[in-house]
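Structure first, then comments.
Everything numeric in this text was worked out from a predicted model, so none of it was measured.
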Amino acid sequence: MSVFRSGVLVLTSPLSALSMRLAPILASAAKIVQDTLYVHLQPGLLLTGSSQPTSTYIPATQEVCSLISKLYSDADVHGNLDVRVLLTNIKNQSGSQQTLSSVQNLSHPPEVVLTDFQTIDGGQYNPAKQQLERYATNSYSCHPHLTSVLLYPEYGIEEDIINLKETDSEGNPLQSHSDVVVGGTFDRLHNAHKILLSVCCLLSERRLLIGVADKELLDNKALKELIEPYEKRVEKLAQFLVDVKPSLGYDIVPISDPFGPSITDPELKCIVVSEETQKGGQSVNKRRLENGLSELRIHEIQLVTDPKHSENEEEKISSSSFRNRLLGTLLKTPAENPSMPSRPYVIGLTGGSGSGKSSIAKILEKLGAALIDCDKLGHQSYKPGGPAYQKVIDEFGTDIVCEDGTINRRAIASKVFGNKDQLKRLTDIVWPAIATLAKEAVKEAAAEGIFLHFEPP
């Protein structure tokens, strides 16, 4: 079957049955759509009648929120898909909603419309497809040559039991608020972000205020050098939000401290947090009271487990894990430098503790590069006979020498750490010695690629 860059998936199954059906439905859709997949919830939509089907409102309930969360969670195994659940026809307690009769523009006009709706004959050439295409074009700005596909996903045995008990209830309504606030880094917008933002949109009646971390607030982030520029993060954020709920007002602002406008905006009514930032919501309310403002209702969402996380990554879906996976990949094509010799090629790798130097070193070693670890060279430089051995003793005294003639590292550490002047004297001795040993190692290396692992001893 042809592969399309963008598509819209119209889900017609009862909400009570969709939770178990999502995984096979998304697996079928991922074989057809390769980039952007919009999802439109319309339970009970009939595509076999004589009249033209129209979009209707679904009440925003806790159950709908849970279903949207599961949809994004299930979609995470399809890393190629940018899934976006459309919220236009999900009605919260607000009195004003977008008119469903109008056509909604999408940033990636769908080339194909898919559905879980099943006909009795199980075929693709029937009037249901024509009804589906008309429904899609009446609801969204689609590609001029829109194609329709009935998925017929294979459900498990458990579905047969569920089908006998398919009853939809309205569930517990979601309490909405005029103005809602949320904050985050929103680096490399992922499905956990989309869950957070979708809940925010369903809670908001008029305006959603989003604080995007910038400047000083990024200093303690893991691999902060790989965080996307603020402008790029905001662009992706705005495009997603306008796609899923264009009727809502959005204020996206940079924040360089944990609070931003959440403690000064008098119109705010609710703040959305995750399990790990719940205390941050309480701190916001404390500061609001100090500023003479009313407390915000704190709405907490659960973290989403990343099924692809490795041992050195967080269990939750996290931007830091995505940045960690970028290590060892080419982020941009290097500029040509005619003056640079073709070989040996020397790469100097630097970075703070935990920045991934060792991980990159292992990757490059597997590719055939020779590893020169300057941390080890530092220790080697002041071993007996090393280029820095006698100089270190002359500078710091014979009391740092062990009975076997080696330098006692703990003794010298007690002299230099906590004393900037002493530390500088040590590095002024050791670094030239390391450079000498590194040059000798480069000359001796037989590999075509040479890798220098720079880490202060």
Side chain to side chain contact (heavy atoms under 4.5 Å, CB included) between Asp179 and Leu209: does it pass, once the steps are laid out?
CA-CA 7 Å; Asp179 296 74; Leu209 173 60; over 6 Å; no
Using only atom types and a distance under 3.5 Å, with no angle test, would you say the side chain of [X] pairs donor to acceptor with the backbone of [Y]?
X	Y	answer
Thr115	Leu150	no
Ser139	Ala136	no
Arg323	Arg188	no
Asn291	Ile263	yes
Lys236	Leu189	no
Glu111	Arg5	yes
Asn92	Ser204	yes
Glu133	Thr147	no
Ser141	Pro109	no

So for atom [atom1], which belongs to [X], do other residues, nucleotides or ligands contribute more than 12 heavy atoms lying within a distance under 6.0 Å?
X	atom1	answer
Gln302	CD	no
Glu300	CD	yes
Asp219	CG	yes
Lys70	NZ	yes

What's the shortest heavy-atom distance between Ile271 and Gly281, and which atoms?
CD1-CA, 4.4 Å
Where do Val253 and Pro261 come nearest, in terms of heavy atoms and distance?
CG2-CG, 4.0 Å
Between Glu235 and Gln239, does the side chain to side chain donor-acceptor pair (under 3.5 Å) criterion hold? Intermediate values first, please.
CA-CA 6 Å; Glu235 180 183 1; Gln239 186 193 86; 5.9 Å; no
Under a 4.5 Å cut-off applied to non-hydrogen side-chain atoms, are Leu151 and Leu9 in contact?
yes
Once side-chain hydrogen bond (donor to acceptor under 3.5 Å, both in side chains) is applied, do any residues pair with Asp243, and if so which ones, sequence neighbours excluded?
Tyr38, Arg84, Ser107
Residues Asp116 and Thr12: side-chain donor-acceptor under 3.5 angstrom
yes
Would you say the side chains of Thr56 and Gln42 form a donor-acceptor pair under 3.5 Å?
yes
Working for side chain to side chain contact (heavy atoms under 4.5 Å, CB included), residues Arg297 and Lys269
CA-CA 6 Å; Arg297 178 178 181 272; Lys269 305 298 180 186; over 6 Å; no
Ion pair check, Lys194 and Asp82, cut-off under 4.0 Å
yes
Any Lys/Arg nitrogen of Asp375 or Lys357 sitting under 4.0 Å from an Asp/Glu carboxylate oxygen of the other?
no
Could you go through Arg325 and Asp306, starting from their C-alpha distance and side-chain angles, then the distance that decides it, and tell me whether this counts as salt bridge (Lys or Arg N to Asp or Glu O under 4.0 Å)?
CA-CA 13 Å; Arg325 293 166 196 169; Asp306 184 352; 2.7 Å; yes
Dump the intermediate steps for side chain to side chain contact (heavy atoms under 4.5 Å, CB included) on Leu11 and Leu18, then the final yes or no.
CA-CA 8 Å; Leu11 296 177; Leu18 262 180; 4.2 Å; yes
Quick note, salt bridge (Lys or Arg N to Asp or Glu O under 4.0 Å) partners involving residues 359-371, not counting sequence neighbours, are none
Within residues 179-226 or reaching into it, pairs that qualify as ring-ring contact (aromatic ring centres under 6.0 Å, His included) - sequence neighbours excluded:
Phe186-His193, His190-His193, His190-Phe322
Before giving the answer on ring-ring contact (aromatic ring centres under 6.0 Å, His included), spell out for Phe4 and His143 the whole-Å C-alpha distance, their side-chain angles and the decisive distance to 0.1 Å.
CA-CA 11 Å; Phe4 301 89; His143 191 275; 9.1 Å; no
